[in-house]
2 protein chains.
Amino acid sequence: MPKQVDHDSRRRHIAQAVCELIGRRGLEGATLREVAAQAGVSMGAVQRCFRAKDEMLVFAQEHVNRRITERARARIAESPQPGSVTTMLEQTLVAMLAVDGEDLLDARVWMAFTAQATLDPALAEVQRGHYAGLTELLTVLLRTGQESGQIRAEVEPETEAEALIALADGLTVQVLLGRHSPESARAAIRRRTTALLRT
Amino acid sequence: MPKQVDHDSRRRHIAQAVCELIGRRGLEGATLREVAAQAGVSMGAVQRCFRAKDEMLVFAQEHVNRRITERARARIAESPQPGSVTTMLEQTLVAMLAVDGEDLLDARVWMAFTAQATLDPALAEVQRGHYAGLTELLTVLLRTGQESGQIRAEVEPETEAEALIALADGLTVQVLLGRHSPESARAAIRRRTTALLRT
DNA sequence: AGCGTTCCGATACACATGCATCGGAACGAG
DNA sequence: CTCGTTCCGATGCATGTGTATCGGAACGCT
């Protein structure tokens, strides 16, 4: 057999380059030539990995979505008080914010893809899947909190999960626009999560 | 004096064409040629109205922002119960949602511009100004509601206004992605506003 | 070592876009 | 009507983009 290449890892490598470019210069900054340069490969290599640009973008979108979800799960795992549901809620939502330091890049990538998903049904489907996962995650947390008596019984887990997600996204937008600081966004999240606690 | 043209109204006319194109095909759909065609004029006319494309886009951004704000104020004015602060709050936020019928186009335009504003400081400044106005509007409503005893005293008007705006934006995103219906978004807004009422 | 397959880098190409240019039309003042 | 200024439509141009193509390099197998 001839020369073999780990396609999947190369695809991830290129996807990372795409994300960095999108985070810095937006979707229109992710041209094939720029992507190749950023990834340190040639255009031909990129073309071999992805049949067309669309495919590359979808892969990059899934790439960043996966990272955001994993960041949320990781923060839950290393939560200081694993038993405290509100702490876990907060950590999850803060991870979704992704407005800290270099994570801020991911937030801009999220923004760019979400805006595009508004127009492209294929991208929209990917985002819907992403949000379905996050909703599930939060819903489970909320339900668990109710069962352990930490969260008020009248809270409707799924409905509340959707509201929290919307809040987090809206705050992300504000931070990206420079109207809120990451800290004030976190504070807003905290206010909302503590309000769910039983008094 | 030679041929004279109402520049300002022509600029608005073109801005409207820009918004329709952006709402349908995104920012990249707003090429000078397409804009001219949509507006029913020639490229030369567009070039005479705006020195460069950037200027045209900023003008269009302000155009749609103005319409959103005016829609909010209008909804407040024609509110069924002008005295009810929560009704006014709801109307304002629903106007911000702009996910009804043809308003949905404006929501997509908002999304596109906001995503771009993440990368372009000039656009970001425009959006910050827009949000400052909305925040002021909501803050006043909340304060008024407190003074008339309709809204709980422990609510911090400005903080709450920011949270409501973030919620509305996040819900808009979800509707645009096709994950929420306009009705469910309105319901989420209603839940949040009624929660502010004194019990 | 030799070979066949896979990969890659460069180039070619068609096309779109923003902007500049320019000749003439439109229109008000005299 | 005549003139002079403003406007506009068409065209040209430089540039950047996605994709197709192709010759050769890299590499595993025999």
Side-chain angles (χ1 to χ4, degrees), chain A residues 1-61 109 112-113 115-116 119-120 122-123, chain B residues 1-61 109 112-113 115-116 119-120 122-123:
Chain A
M1 277 297 144
K3 185 177 180 182
Q4 285 291 17
V5 162
D6 184 350
H7 268 215
D8 211 52
S9 88
R10 182 182 290 275
R11 280 160 79 98
R12 277 194 300 268
H13 177 68
I14 291 176
Q16 182 54 33
V18 171
C19 287
E20 275 157 24
L21 280 172
I22 291 181
R24 227 167 331 111
R25 295 180 230 166
L27 263 180
E28 67 183 3
T31 72
L32 290 189
R33 286 160 181 83
E34 290 286 332
V35 167
Q38 174 77 27
V41 301
S42 88
M43 246 176 66
V46 178
Q47 282 186 278
R48 182 150 295 270
C49 275
F50 302 101
R51 249 169 296 165
K53 195 191 177 187
D54 303 359
E55 197 180 306
M56 180 182 79
L57 288 181
V58 170
F59 189 89
Q61 186 188 6
V109 177
F113 274 127
Q116 196 66 18
L119 307 155
D120 182 339
L123 299 190
Chain B
M1 276 298 151
K3 188 178 181 182
Q4 285 293 17
V5 161
D6 185 350
H7 269 213
D8 211 52
S9 89
R10 183 182 290 272
R11 281 161 77 99
R12 277 195 299 268
H13 178 66
I14 291 176
Q16 182 54 32
V18 171
C19 289
E20 276 159 25
L21 280 172
I22 292 181
R24 220 161 344 105
R25 295 181 231 167
L27 264 180
E28 68 183 4
T31 72
L32 291 188
R33 286 164 179 81
E34 288 287 332
V35 168
Q38 173 76 30
V41 301
S42 88
M43 242 177 72
V46 177
Q47 283 186 278
R48 182 150 297 272
C49 275
F50 303 101
R51 251 170 293 164
K53 195 190 176 187
D54 303 0
E55 196 179 307
M56 180 183 77
L57 288 181
V58 170
F59 189 88
Q61 186 187 6
V109 177
F113 274 127
Q116 196 66 16
L119 307 156
D120 183 339
L123 299 189

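The figures that follow rest on heavy atoms only: side chains count, while hydrogens, waters and symmetry mates do not. Note that the structure is a prediction, hence the values are computed from the model and not measured.
- Nearest nucleotide to the side chain of Gln47(A), out of dC8(C), dC8(D), dT19(D): dT19(D).
- In terms of heavy atoms, Gly29(B) sits closest to Leu21(B) at O-CD1, 4.1 Å.
- The CD1 atom of Ile22(A) sits 3.5 Å away from the CZ atom of Phe113(A) when rounded to the nearest 0.5 Å.
- Within a 6.0 Å sphere centred on CD of Glu28(B), heavy atoms belonging to other residues, nucleotides or ligands number 12 at most.
- Taking atom CZ of residue Phe50(B) and atom P of nucleotide dA20(C), one finds them 16 Å apart after rounding to whole Å.
- Atom CG of Asp6(B) and atom P of dC7(D) are 11 Å apart (whole Å).
- DNA chain D lies under 4.0 Å from at least one heavy atom of each of the following residues of residues 18-42 of chain A: Thr31(A), Leu32(A), Arg33(A).
- When rounded to the nearest whole Å, the span between CD1 of Ile14(B) and P of dC7(D) equals 13 Å.
- Atom P of nucleotide dG18(C) and atom CG of Leu57(B) are separated by 9 Å, given to the nearest angstrom.
- A close approach under 4.0 Å does occur between a side-chain nitrogen or oxygen of Arg10(A) and OP1 or OP2 of dC8(C).
- OP1 or OP2 of dC7(D) has at least one side-chain nitrogen or oxygen of His7(B) nearer than 4.0 Å.
- In this structure, Gln61(B) CD and Gln116(B) CD are separated by 9.5 Å, a value rounded to the nearest 0.5 Å.
- Looking at heavy atoms from C-beta onward, Glu20(B) lies in side-chain contact with Arg24(B) at the 4.5 angstrom threshold.
- A 4.5 Å side-chain heavy-atom check between Phe50(B) and Ile14(B) finds at least one atom pair inside the cut-off.
- A salt bridge does not link Arg10(B) to Asp6(B): none of the charged nitrogens lies less than 4.0 Å from a carboxylate oxygen.
- Residue Arg11(B) contributes atom CZ, which lies 17 Å from atom C1' of dC8(D) at whole-angstrom precision.
- Whole-Å rounding puts the Arg48(B) CZ to dA10(D) C1' distance at 14 Å.
- As a whole-Å value, the separation of Asp54(A) CG from dG18(D) P is 10 Å.
- At whole-Å resolution of the value, CE in Met43(B) and P in dT11(D) are 12 Å apart.
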